[in-house]
Q: 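This structure is in C-alpha cells; I'll ask about it shortly.
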Amino acid sequence: MARMNMIQAINSAMHTLMDRDPSVVVMGEDVGYFGGVFRCTEGLQKRFGESRVFDTPIAEGGIVAAAIGMAVNGLRPIAEIQFADYVYPAYDQIVSELARIRYRSGGEFTAPVVVRMPCGGGIRGGQTHSQSPEALFAHVCGVKVVMPSNPYDAKGLLISSVEEGDPVIFLEPKRLYNGPFDGDPHKPAVTWNTHPQGEVPDGDYRVPLGKAQIVREGSAVTVVAYGTLVHVALAAVAQMGIDAEVIDLRSIMPLDTETIVRSVKKTGRCVVAHEATRFAGLGAELSATIQEECFWSLEAPIQRVTGWDTPYPLAFEWEYFPGQKRLITALNKVLDPDPEVNS
Amino acid sequence: MARMNMIQAINSAMHTLMDRDPSVVVMGEDVGYFGGVFRCTEGLQKRFGESRVFDTPIAEGGIVAAAIGMAVNGLRPIAEIQFADYVYPAYDQIVSELARIRYRSGGEFTAPVVVRMPCGGGIRGGQTHSQSPEALFAHVCGVKVVMPSNPYDAKGLLISSVEEGDPVIFLEPKRLYNGPFDGDPHKPAVTWNTHPQGEVPDGDYRVPLGKAQIVREGSAVTVVAYGTLVHVALAAVAQMGIDAEVIDLRSIMPLDTETIVRSVKKTGRCVVAHEATRFAGLGAELSATIQEECFWSLEAPIQRVTGWDTPYPLAFEWEYFPGQKRLITALNKVLDPDPEVNS
Amino acid sequence: MNNKPQLHVPHPPARPGEKPDFSYVALSPAGAVPRPSPGANARDIESLAVELVRVLDDGHRALGEWNPALAPDTLREGLRIMVLTRVYDERMLKAQRQGRISFYMKSTGEEAVAVAAGMALDPKDMLFPSYRVQGLYLLRGVGMVDLMCQLLSNTRDMCKGRQLPVMYHSAAKRLFSISGNLATQVPQAVGWAMGSSIKGETSLAATWTGEGSSAEADVHYAMVFASSYRAPAIINIVNNQWAISTFQGMAGGQGPSFAARALGFGLPGIRVDGNDFPAVYAVTRWAAERARQGLGATVIELVTYRAAAHSTSDDPSRYRPKDEEASWPLGDPIDRLKKHLVALGEWSDEKHQALVTECEEHVTRSWEEACSYGTLNEGPRLDPLTMFDDVYHDMPEHLRRQREQLAKEKA
Amino acid sequence: MNNKPQLHVPHPPARPGEKPDFSYVALSPAGAVPRPSPGANARDIESLAVELVRVLDDGHRALGEWNPALAPDTLREGLRIMVLTRVYDERMLKAQRQGRISFYMKSTGEEAVAVAAGMALDPKDMLFPSYRVQGLYLLRGVGMVDLMCQLLSNTRDMCKGRQLPVMYHSAAKRLFSISGNLATQVPQAVGWAMGSSIKGETSLAATWTGEGSSAEADVHYAMVFASSYRAPAIINIVNNQWAISTFQGMAGGQGPSFAARALGFGLPGIRVDGNDFPAVYAVTRWAAERARQGLGATVIELVTYRAAAHSTSDDPSRYRPKDEEASWPLGDPIDRLKKHLVALGEWSDEKHQALVTECEEHVTRSWEEACSYGTLNEGPRLDPLTMFDDVYHDMPEHLRRQREQLAKEKA
Ligand SMILES: Cc1ncc(C[n+]2csc(CCOP(=O)(O)OP(=O)(O)O)c2C)c(N)n1
Ligand SMILES: Cc1ncc(C[n+]2csc(CCOP(=O)(O)OP(=O)(O)O)c2C)c(N)n1
Ligand SMILES: [Mg+2]
Ligand SMILES: [Mg+2]
C-alpha cells in the first residue's frame with residue numbers, strides 16, 4: 001500500500017498494466033518525454049520506451065483512429081485526450097467507429113481502446129477546460145463510460161477498463177487529481193494524504209466496471225453522484241446531519257441500476273447530482289430510470305442537481321458549479337416536498 | 001395552398017426564404033446541380049445561381065465551419081448534411097464553435113446557421129443511415145433542435161429556424177418525407193395527399209420554435225412524441241380506442257414544458273416516445289422533467305418507448321423500430337400499472 | 001481578374017446533354033515514366049504525383065521500367081478475379097432489381113484498383129477497404145456465398161443482419177470491416193501499420209478511399225500520422241471522377257492531383273492509370289517494398305472511372321452525360337488486360353468466353369446456395385434477439401432487459 | 001534499412017541538458033528568393049514553400065525583390081506596436097505571477113507574425129486569430145484597457161467573464177472571437193472569405209494557427225475549401241518550433257515544410273522568416289494582392305521561435321534546453337527591426353528607450369484603469385446572473401428558471 005493522489009494512481013495503473021502486458025501502449029499529446037500536462041504519464045516513456053509511450057500530433061481524431069487501428073492489430077492502446085473539452089474532433093471516430101466495430105463485424109473485429117481524459121471544472125479553466133461530456137458518450141451504445149472519484153478507484157477502474165475488451169471512455173475529474181474537493185473553494189485545499197481512498201496498492205488489483213459503491217449508508221434519502229459531486233454530496237449531507245445514503249456510480253455506462261434501485265426503494269427519496277449541464281444530461285437518465293423502477297416507493301419527486309445549461313463561465317465558476325448549497329436545497333426539497341409547488 | 005410532401009415543403013421553405021432574403025445560401029454534398037440525394041434542394045441552384053446554392057466537398061466539418069464563417073460575414077447559410085449519421089465529423093464545429101460563438105463573444109458575434117439533415121430509420125438504411133442523434137445536440141447548450149413531423153410544420157419551422165438568429169439543428173425524419181407512417185411496414189405506403197398537414201401554403205408563414213402542438217386531445221394519458229413517433233402514437237391510441245392526448249414536440253430544444261406539464265397534470269399518466277436509443281436519450285429528459293413537475297399528479301410511472309440501445313440493424317429494422325406494439329404495451333402499463341412489478 | 005468578385009464553384013466539364021470531355025485528365029504515354037528505386041528520397045520523385053504511370057500501351061504491350069513483367073499465370077489469375085468481380089456485380093445488381101437484396105454498389109470499370117493492388121500485397125498485409133473494392137474479397141478467397149449471404153442479411157450473414165449490403169469483412173483473410181462512414185478506415189489503417197512497427201512485424205496496411213472522400217479529415221489524419229511515424233501503409237485514393245453527382249474537381253480544387261497531397265507530408269505520391277493492371281500492380285509493389293524497408297507510407301492515386309451508378313439508389317443520367325464512359329481515355333481494365341494477354345499469345349476470345357461462363361456459373365451456383373440460407377423477405381431468418389449481441393463483449397443488464405422486452409413483443 | 005521494424009518517433013534535436021541545434025531550419029540568404037507576380041501560376045512558384053523569404057540581412061539592410069521598401073514611418077509604427085505588445089506581455093505575465101489574473105500566454109519573440117502581417121492588410125479584412133497574435137489587437141486599436149479587462153474578467157470584460165484570459169475579440173475592429181479549441185478558426189476564415197465572394201466584396205479573411213495545430217482536421221478543411229472555391233483567404237501557420245512540449249517535427253513529420261502542405265491543393269505556399277518584419281509584411285501583401293485579384297488563398301508558414309513558455313501553466317525547462325533561444329538563427333523581430341531602422345538612420349537607442357518607456361507607462365496606466373473595474377478577486381464584479389445571457393438570442397424558459405434558482409442560491 002502507498003499513498004497516492006489521483007494522478008499517481010492513474011500513473012501507477014499504467015505502470016502495472018504495461019509491466020504485465022506488452023500490448024499496452026500509451027499515446028497522446030505531450031504524454032511522452034514530458035509526461036502529460038497533468039503528469040499522468042510521467043516516467044512511462046523512460047521506462048517502457050518510445051515505441052510504447054509516445055507523443056502524438058495535435059489531432060484528436062487521428063489519435064483515436066490510430067488507436068483503433070492498433071487495437072485491431074492486437075494492441076491495447078490507452079489514448080489520452082489532453083482535456084475532455086477537446087475530444088470532439090475525435091467524436092466521429094468514437095461514435096461511428098470505436099463503438100461499432102464489434103457490432104458491425106458480427107464480433108469478428110474488436111477495438112479495445114481506452115480513451116482517458118481529464119474533465120470537469122473548478123480549476124479556473126473557463127468554458128473550454130471544464131466540460132463534463134459523459135452524457136454525450138453514455139447515449140452512444142458500444143462504449144462504456146467510467147468516472148472515478150478517488151485514487152483507489154481510479155487505478156482499479158483503469159486496470160479493469162484496459163482489460164475489459166470493450167472501448168472505454170475514462171473521465172478523470174481534474175479537480176480531484178490532487179485531493180478530494182467538497183465544493184467549497186474558500187477552504188484550504190486538502191490532499192489525498194489522509195483520505196482512506198488515497199491508500200492505493202502498488203501492485204495489481206481491479207475495481208469492476210458496472211458496479212457502484214455505497215460510500216455512505218443511510219435511510220432518509222439517496223444521493224446518486226459520481227466524480228467530484230460524490231465529495232460535495234458527502235459534505236452536504238454531513239452538514240445537514242441527515243441520514244442519507246450516498247452512491248458513487250463509478251461506472252456511468254453500464255449503470256449499476258440494481259444498487260441504485262435497492263437504495264431508493266429503501267429511502268423513498270432521491271437526488272441525482274453531476275457537474276455537467278442539466279438538459280438531457282446523465283441526471284435525466286438516472287431520474288427517468290429511478291422513477292420507472294421505484295415509482296411506488298417514491299415520497300417526493302427526484303431532484304437533479306447539475307451545472308446550468310450554459311457554457312462553464314470562467315468568472316462564475318462557483319456560481320456554475322453545483323456546490324453544497326445547491327445540493328442542500330434539493331435535499332430539503334425531497335425531504336420536505338411541497339406538493340403545492342410541484343403538484 | 002398546395003399539396004406537398006415533406007420534401008416539397010422543405011424545398012418550398014428554401015425557395016421562400018431565398019426569394020425574400022439574399023443572404024440565405026444553401027450548401028452541402030450534392031445539393032447543387034443534382035438537387036440533393038433526397039431532392040430537397042431541387043431547382044434551387046437553377047433559380048438562385050451557383051453563388052447561393054452550391055455543392056461542397058465531402059467534409060461535414062468543413063461544411064459547418066465554412067457556414068459559420070459565412071454567417072459571421074452576415075449570410076444565413078442552410079447547410080445540408082446528407083444523413084444525420086454523417087454529422088459527427090462536424091460535431092466539434094457544432095459543439096465547440098457554432099453553439100458558443102454568441103456566448104463566448106459576449107454577444108458580439110453570432111452564427112445563425114441552420115444545419116439540416118435527414119434522420120431516422122424505416123428505409124432499410126442499416127446502422128449508418130438510420131440514426132436519430134437529437135439528444136447529442138439537445139445536451140449542447142447554444143444550439144436549438146427541431147424535428148417536424150409533417151410538411152406543414154416542416155416548412156413553417158424551417159422558415160422560423162433560418163430567421164431565428166440562433167443556430168438550429170433541423171432534423172428531418174426521412175421515413176416521413178413521402179408520407180405519414182404509422183409504424184406498420186406491411187401496410188401499403190400512404191402519401192401526404194390526403195393528410196391535413198399535407199396542405200402547405202405556397203408563400204411565407206412561420207411555425208414558432210419552442211412550441212409543441214397537441215395533435216390529439218384526450219384525458220386518459222399523455223403521449224409525448226416527435227417526428228415519426230407522432231404518427232405511430234396516433235395510430236396506437238386509435239387502435240386501443242383510448243382517450244389519449246398526443247403531443248408533437250416539434251422543437252426538442254427548447255422544450256415546450258408548459259404544454260407537456262399541463263397535459264400530464266390533466267391526465268396523470270404519460271408515455272414518452274422516440275426512435276433514438278433509450279439510454280440518456282431525449283426520453284430521459286422528458287421523463288425526468290415530467291416527474292419533477294407533475295409528480296403529485298402521476299398515477300403511474302412514466303414509460304419510455306424508444307429504439308433499443310444497439311445500433312439500428314438492417315435486418316431487424318422493424319424489431320428495432322418502436323412501433324405500435326411497443327407503444328401499446330407501454331400505454332397499457334401506465335393505464336393499468338402493476339405496483340407489484342415496479343414497486 | 002474579375003471586377004466584381006464572385007464565388008468560384010468548380011464545374012464538371014460536362015453535364016447531361018453536353019459533350020463529354022476528359023481533356024482535364026493529364027496522360028503520360030505508356031512506359032514513359034521512369035521507375036525510381038523504392039528507397040528513393042521522396043523529394044526526388046515528386047513528379048510521380050503528376051505524371052501517370054502506365055505500362056500497357058494502345059497496342060496492348062507492356063512497356064517501360066514499371067512493367068512488372070508478371071508471369072502469364074499471374075496475369076490470368078488477375079483477369080479471372082476481375083471478371084469474377086464484374087460478373088458478381090452484374091448478378092447482384094440484377095438481384096437488387098428483383099427485390100432480393102435491398103441495395104448494391106458496383107465496381108464496374110474499376111476492378112483493377114482492387115485486384116491488381118491486392119495481388120501485389122502479401123496475404124499477411126491487412127486491408128482496410130472502402131465499399132467499392134469488392135475484388136479484394138474475391139481475390140483473398142472469401143467465399144462468394146459468404147459475400148452473398150451478407151448482401152442477403154440471411155442466417156449466414158457474417159454481419160448478423162446488422163449492416164447494409166456490401167459492408168463485408170473477414171478477419172481470417174485480413175480484410176477490415178467496411179464502414180458506411182467515408183474515409184474513417186484510412187487513419188485506422190495507418191494506426192494498424194504503426195502497430196505493426198510497434199510489434200516489430202513487417203506486415204503493412206493498405207487502404208482504399210474515394211477521391212471525393214479525400215476531403216474528409218480522416219485522410220489528413222492518415223497523412224499526418226503516416227508521415228510522423230513512418231508507418232508501413234499504402235493509402236490508395238481511387239479517383240473515379242465522381243462522388244455521387246459531384247465531380248472530382250470539387251474535392252480536387254486547384255490541386256495538381258490527389259497524389260500530390262502526399263508531397264507536403266514528405267510521402268511519395270504516385271499517380272497511376274487505375275485501369276492498367278500491370279501498372280497498378282507495379283506501383284503497389286513499389287510502395288510495399290518501400291514500406292517494408294522501413295521508409296514509410298506511399299499515397300497512390302488510382303485514376304479510373306466509375307462506369308456504374310454510384311449505387312442502386314442512384315441515377316447518374318441526372319448529372320452526367322449518358323455516354324461519358326465511352327469517352328473515358330483509360331479504357332476498361334478487363335478489356336485491356338485481356339487484350340494484353342491475347343497480345344502475349346497467352347489468351348484468346350474463346351478462353352475469355354469460357355472464363356466468363358465459368359464465372360457466371362460460379363455466381364449462379366453461389367447465389368442459389370446463398371438464397372437457401374434465406375433472403376431479406378423469404379426463407380430462414382436470423383433470430384432478431386441476436387441484435388443485442390456484440391454491442392459489448394458481455395451483455396449489460398439494460399440490454400438483457402431490452403432483449404426480454406423484444407422477446408415478449410415478438411411472442 | 002532496419003532489420004526488425006520499429007516505430008519511428010520524431011525527436012527534437014535537443015532536450016534539457018543537450019546542446020541546442022537548429023541545423024534543421026533551412027535558411028536562404030536575405031534577398032535571395034525571387035518575388036513572383038501575385039498573379040503567378042501556383043505551380044510555377046512551388047519553391048517558395050521550401051525556401052525562406054528574408055529581407056533583412058545580418059547587416060540590417062533590407063534586400064531583394066521582396067523588400068517592401070516601407071516608409072520609415074510605417075516601420076516605426078510596426079516597431080511601436082511590437083514593443084507595445086512585448087511590454088504588455090511582460091506586464092501581464094507579472095500580473096499573473098502576482099495572482100491578479102489567472103492565466104496568460106505571451107507572444108514574445110514572435111510579435112512580427114501578428115504585427116507585420118496585420119499591417120499589410122486592409123482594416124476591412126477580417127482576422128481570425130489564434131491565442132498568440134495579440135499584436136493584432138493592439139495594431140487595430142482595440143483599447144488596451146479593454147484587453148486587460150478581458151484578462152481580469154471584470155465588469156468591463158468584453159467576454160462578460162466567460163472566457164479564459166487572452167480569448168479576446170472585437171467585432172468593431174474585425175477580429176473574430178478566439179477559441180480555446182485549436183485551429184477551428186481556420187476553415188471559418190475560409191468560410192468568411194467565401195462569404196465575401198458571395199456578397200461580391202473584396203475584403204479577405206486572414207487567419208493564424210500554430211504549426212502544432214496544423215495536424216487538426218480544420219486546417220485540412222480550410223485548404224480543401226479554399227482550393228475549391230478560390231476563397232480570398234490567407235492561412236498563416238506560425239511555426240514557432242514548439243507545441244507545448246512537442247517539437248514541430250511531430251506535426252511536420254517528413255514533410256519539407258508546413259508551407260508545402262498547400263501545394264497539393266494548388267495553393268501557393270510561402271515560407272517566410274517570421275522574425276523579419278519587412279519580409280512578413282511583403283509576403284502578406286503579396287497574398288492579399290493575389291486574393292483580391294480573385295486568385296484565391298495563400299498559405300504562409302511563418303518561421304519563428306516561441307521564446308516564452310507556452311502559457312503561465314507551462315515550464316519549458318522540463319522539455320527543451322534552457323538556452324535554446326540563444327541559438328535561434330532568426331534572432332528577435334523587435335531587435336532586428338530596430339537595428340534596421342537604426343541602419344537607415346531613422347532610429348536610435350535613445351528613441352528606442354523612450355519608446356519602451358512610453359509603452360511601459362501606457363501599459364501601467366491602462367492596468368491601473370483596468371483594475372479599477374475589478375479583478376478576479378477584488379473590486380466590482382459582474383453580475384453572475386449574466387451567465388445566462390447570450391446562450392441564445394432569447395432566453396428559453398428553462399434558462400430563466402435556472403437563473404431564478406441561482407438568484408435564490410446567491411441570496
Ligand atoms: C461521412 C460521410 N459523408 C457522406 C456520406 C454519403 N456518401 C456516401 S458515398 C458518397 C460519395 C463518395 O464518393 P467517393 O469518395 O469519390 O467514392 P466513390 O463512390 O466514387 O467510390 C457520399 C457523399 C457518407 N457515407 N459518409
Ligand atoms: C483541439 C485542441 N486540442 C488540444 C488543445 C490543448 N493545447 C492548447 S495549446 C496546444 C499546443 C499548440 O501548439 P501550436 O499549434 O504549435 O501553437 P503555439 O502554442 O506554439 O502557438 C495544445 C496541445 C487545445 N487547446 N485544443
Ligand atoms: Mg469517386
Ligand atoms: Mg507552435
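Every chain is numbered from 1, with letters handed out A, B, ... down the list of sequences.
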Q: Is R381(C) paired with E319(B) through a side-chain N to carboxylate O contact shorter than 4.0 Å?
A: yes
Q: Heavy-atom distances under 4.5 Å only: say whether L182(C) touches chain B with side chain, backbone, both or neither.
A: side chain
Q: Which atoms of P16(C) are under 4.5 Å from chain B, going by heavy atoms: the side chain, the backbone, both sets, or neither?
A: both
Q: With only heavy atoms counted, which part of R52(B) is less than 4.5 Å from chain C, the side chain, the backbone, both or neither?
A: neither
Q: Can you confirm whether E409(C) sits close enough to K325(B) that some side-chain heavy atom of one is under 4.5 Å from a side-chain heavy atom of the other?
A: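 In contact.
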Q: Go through the steps to decide whether W308(B) and L399(C) satisfy the test side chain to side chain contact (heavy atoms under 4.5 Å, CB included), and finish with yes or no.
A: CA-CA 8 Å; W308(B) 310 119; L399(C) 282 185; 5.5 Å; no
Q: Rounded to the nearest 0.5 Å, what separates atom CG in L7(C) from atom CE in M27(B)?
A: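 So the gap between those two atoms works out to 9.0 Å.
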Q: Quick check on the interface: out of R162(C), Q402(C), M250(C), M167(C), who has the most heavy-atom pairs with chain B under 4.5 Å?
A: Q402(C)
Q: Does any backbone or side-chain atom of L385(C) lie under 4.5 Å from a heavy atom of chain B? Answer side chain, backbone, both or neither.
A: neither
Q: Answer with side chain, backbone, both or neither: which region of Q45(B) has an atom nearer than 4.5 Å to a non-hydrogen atom of chain C?
A: neither
Q: Just give me the residue among K410(C), Q163(C), R15(C) that pairs up with chain B most often, heavy atom to heavy atom, under 4.5 Å.
A: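 Of the options given, most contacts go to R15(C).
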Q: What are the two closest heavy atoms between F316(B) and D383(C), and how far apart are they?
A: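 In terms of heavy atoms, the two residues are closest at CZ-O, 3.9 Å.
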Q: What is the distance from atom OG of S313(C) to atom NE2 of H129(B), rounded to the nearest 0.5 Å?
A: 8.0 Å
Q: Among the options G210(C), S245(C), C159(C), pick out the one with the most heavy-atom pairs lying under 4.5 Å from chain B.
A: S245(C)
Q: Hey, does Q405(C) have a side-chain heavy atom less than 4.5 Å from the side chain of T329(B)?
A: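 Sidechains of Q405(C) and T329(B): no contact.
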Q: Enter the distance from T310(B):OG1 to R403(C):CZ here, rounded to the nearest 0.5 Å.
A: 12.5 Å
Q: Where does E60(B) contact chain C at under 4.5 Å (heavy atoms): side chain, backbone, both or neither?
A: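 Backbone plus side chain of E60(B), per the 4.5 Å heavy-atom cut-off to chain C.
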Q: If I measure from the heavy atoms of chain B, does T386(C) come under 4.5 Å with its side chain, its backbone, both, or neither?
A: side chain
Q: Need one label for N154(C): side chain, backbone, both or neither, based on atoms under 4.5 Å from any heavy atom in chain B.
A: neither
Q: To the nearest 0.5 angstrom, please state how far the CD1 atom of I178(C) sits from the OG1 atom of T128(B).
A: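 With rounding to 0.5 Å, CD1 (I178(C)) is 11.5 Å from OG1 (T128(B)).
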Q: How about residues 83-96 of chain B versus chain C: which residues have heavy atoms under 4.5 Å apart?
A: D85(B), Y86(B), P89(B)
Q: Taking D55(B) for its side chain and T246(C) for its backbone only, find out whether a donor-acceptor pair lies under 3.5 Å.
A: no
Q: When you look at E216(C) and I58(B), which way does the side chain to side chain contact (heavy atoms under 4.5 Å, CB included) test go after all the steps?
A: CA-CA 6 Å; E216(C) 290 285 7; I58(B) 304 172; 3.5 Å; yes
Q: Where is the tightest heavy-atom contact between A315(B) and S153(C), given as atom of each residue plus distance?
A: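 The answer is CB-CB, 3.8 Å.
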Q: Can you confirm whether H11(C) sits close enough to E50(B) that some side-chain heavy atom of one is under 4.5 Å from a side-chain heavy atom of the other?
A: yes
Q: What are the two closest heavy atoms between A243(C) and D30(B), and how far apart are they?
A: O-OD1, 3.5 Å
Q: Listed by chain and number, what are the side-chain hydrogen bond (donor to acceptor under 3.5 Å, both in side chains) partners of Y33(B), not counting sequence neighbours?
A: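 In terms of side-chain hydrogen bond (donor to acceptor under 3.5 Å, both in side chains), with neighbours along the sequence ignored, Y33(B) is linked to no residue.
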Q: Shorter than 4.5 Å, heavy atoms on both sides: which option in G49(B), S51(B), G126(B) has the most such pairs with chain C?
A: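 Among G49(B), S51(B), G126(B), the one with the most close pairs to chain C is S51(B).
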Q: Tell me whether the rings of F34(B) and Y319(C) are parallel (<30°), tilted (30 to 60°) or perpendicular (>60°).
A: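 Perpendicular: the ring planes of F34(B) and Y319(C) meet at over 60°.
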Q: Side chains of P311(B) and V391(C): does their closest heavy-atom pair fall under 4.5 Å?
A: yes
